[in-house]
Each structure stands twice: as structure tokens, then as C-alpha cells.
Amino acid sequence: MKLTHPERVVDAASGATKADVARYYDGVADWLLAELKSRPVALLRAPEGVGEGGFFQKHAGKAAWPGLRLLDAALWPGHDALLALPTRTALLGAVQMNTLEFHAWNARVPRLDKPDRMVFDLDPGDGVDWAAIRDGAVRVRDLLGELGLRSWLKTSGGRGLHVVVPLAARWPVDTVRAFSQAVVQRLAGREPERFVAKSGADNRVGRIFVDYLRNGEGATTVAAYSLRARPGLGVSMPLAWEDLAALESPTHWTVTNALQHLAGRPADPWAELGAHKQSLAAPLKALPSL
DNA sequence: GTCACTG
DNA sequence: CAGTGACAACGCGGG
DNA sequence: CCCGCG
Ligand SMILES: [Mn+2]
Ligand SMILES: [Mn+2]
């Protein structure tokens, strides 16, 4: 795979070069490709590196590189063909095109209207410290548990955390979205000093907006193992719930240290996630959402 | 990073 | 030839 | 309605 400008510094904060980014993605390719498998993707490309000027890409437009797959345009009527990255070649081609972040849908082809997971994106407002964010994620996990749903955890690579709930792909995306909104409304109803259910930076000062809008049709969330196009190049890293209390920072894992962490971890904390195709039938009864 | 288009 | 714009898109919330 | 946000 040809990589142009390997020595170009992509992120001044870490000093990481384009070659460092490529080495990172080559190292996580097996895990990341499993995350992206059969899902439409959106790429955040940044030819100028971290900072202003990056752009999202969810359709091919004029772009093309080896392995890049264009999904059948009929899968999402009214839109151009969506993109998928089925192979290492496709993934590293995206890196050559200066992709820093990989985002994915919650549904897989061909059932783009029936997501196989639900995501709760904890977005802390100004003034929320890391301990409160960790506590917030545990509250989300506990409420989901009361509703009969197991959840898995990752860092966002930024300030927050993502709680992921694997589902059987049997409920329409609007049902899943409405249910996730009801979950967040209950969280905010129970602990309004801790959570808000409305987006917008103003109300959530000192509180956490649990972003359920990631569950809408066509919405994407940054994939596990993706870098973030921010100073330091943090990683969205899966971790076990039992390891959350010991995590000292949401940006602990970065392009610089993530491969070392992955080489030394005793097990994949998400190993069981794929086998849990959870039903929403009972949770929908326990928490009616319309 | 690359292409299509402008002047 | 160099320069420049495009490369997502849509619900939400507030003004 | 438009704007800013993610
Ligand atoms: Mn977030
Ligand atoms: Mn968010």
C-alpha cells in the first residue's frame, strides 16, 4: 500500500505523522474491520491534519481507491450510494486519503432499517469532571440492566464514554430511537442534577447529555478503535465495566500507546458482545416509549 | 488528497 | 497554469 | 425563519 507524505505531521500535540496513523490502523485492522463489517461508514478526512478544515464523507463522490465498496444505492432511497470498507486494503486506502476517524451506522446491510445495536453517547457539559462521567455511565448501565439489557463500554476518544447495547435486528430504527430517548428521559427524570435529555450546550452545564440521537436513521457513531481528529489523537477504546473505576482519564489511550495496550490486554472486553442479540420486547413493555 | 471547474 | 470549492445532512434547540 | 451544533 503506497502511502504518500509518510513524514507529514498530522497532529502537532502528539507529533504523530501520517505513517504513525497508518501503522496504528494497520495494527488495529482486524478489530476495526470487524466493527465496520457490513455497515455503512462515514469518514472524517483531514488532509491538513488535526484542526480546522476536515470534512465528513459518506458518499463516494469522485473519490475511489482499492477495496472501497459502494453499497447498492437502493438500500437508502433518495440518497447516493453509501460506503463500506470490507478489507484491510480498503481501510488503509482510506488512511492514504487522510481519514482520521471512522464512523459507522448501527445497522448492517441489507437491513439498514433494523439496527443491531443501540448507543448511548455520554456528552458531558462544561464543568463535569471525569469521576462524574464514570458514575454517569454506571447509572446508564444500571438502568439498562433493570430493563433487562446488557451493555458494553468504550471511551469516545474525547471527553466522554459510549454505552453500547447489542440487539437482535428485529425492531425498526424509529422504535429503537424512541426507546433510547425514553431511557434518557427516565435517567434525567430520576437524577435531573446529573443528566439532561435535551441537546444543546446551555442547559447541560454541570450535567451530562446522554445523546440518544445517535440511534436515528442514518446517524453514525465513531467506531471502536477509531482515532479522534483532535489534539493528542485519542482512541475510542473498548473496556470492561470492571476496569472503568481504575481508568484515570477518558483520553488515556492514544495513537501513541494504544497498540501496546492491545498487545498486552488479557482478553477482548467485547468478546461476548456479538453473541448477545438482545430482544427489545420486554424492555419496550417495561418502558413504553409511545 | 484528488478532482472538476474557473480564469 | 494556479487557484478554489467540494467532499454529510438533518433533527434538535434556541433566538 | 435561520443559525449552531454534533
Ligand atoms: Mn459524544
Ligand atoms: Mn453526541
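Side chains are part of it too, since the values below use all heavy atoms of this structure and drop only hydrogens, waters and symmetry mates. Every chain is numbered from 1 and lettered A, B, ... according to where its sequence line falls, protein lines coming before strand lines.
Atoms NZ (A:Lys198) and P (D:dG6) sit 18 Å apart, rounded to a whole Å. Taking atom CH2 on A:Trp65 and atom P on B:dC3, their separation rounds to 12 Å, with Å as the unit. Distance A:Asp174 CG to C:dG11 P: 11 Å, rounded to the nearest Å. Regarding A:Asn215, its CG atom lies at a distance of 18 Å from the P atom of D:dG6, rounded to whole Å. Between A:Leu213 atom CG and C:dG13 atom P there is a gap of 7 Å when expressed in whole angstrom units. Protein atom CZ of A:Phe209 is 10 Å distant from nucleotide atom P of C:dC12, rounded to whole Å. Atom-to-atom, CD of A:Glu48 to P of C:dC7 comes out at 17 Å; the value is rounded to the nearest Å. If you measure from atom OH of A:Tyr212 to atom P of D:dG6, you get 15 Å, rounded to the nearest angstrom.
Contact annotation: A:His59 reaches the phosphate of C:dA9 (side-chain N/O to OP1 or OP2, under 4.0 Å). Regarding contacts with the backbone of C:dC12, a side-chain N or O of A:Arg177 is found under 4.0 angstrom from either OP1 or OP2.
Other residues, nucleotides and ligands place more than 12 heavy atoms under 6.0 Å from the CG atom of A:Asp129.
In this pair, A:Trp31 and A:Tyr225 present their aromatic rings parallel. The plane angle is below 30°, not in the 30 to 60° band. The aromatic rings of A:Trp76 and A:His79 sit parallel to each other, their planes meeting at less than 30°, with 60° as the upper class boundary.
Nearest-nucleotide positions on DNA chain C for A:Ala42 and A:Asn203 put A:Ala42 closer to the 5' end. Mapping A:Ser199 and A:His79 onto DNA chain C by nearest heavy atom places A:His79 at the nucleotide closer to the 5' end.
For A:Lys58, the listed nucleotide lying nearest its side chain is C:dA8; candidates were B:dA4, C:dC12, C:dA8. Which of B:dT2, C:dG13, C:dC7 sits closest to the side chain of A:Phe55 comes down to C:dC7. Comparing atom distances between the A:Lys62 side chain and each of B:dC3, C:dA8, D:dG6 picks out B:dC3 as nearest.
Between A:Tyr212 and A:Phe179, a ring centre-to-centre spacing not shorter than 6.0 Å is recorded.
Among the candidates A:Arg39, A:Arg111, A:Lys277, the single residue satisfying the salt bridge (charged side-chain N to carboxylate O under 4.0 Å, His left out) test with A:Asp116 is A:Arg39.
Look at the P atom in both D:dG6 and C:dA6: the space between them is 22 Å, to the nearest Å.
Contacts of A:Arg214 with the nucleic acid, taken as non-hydrogen atoms under 4.0 Å apart, are absent. As judged by a 4.0 angstrom heavy-atom cut-off over every strand, A:Asp202 is placed among residues making no nucleic acid contact.
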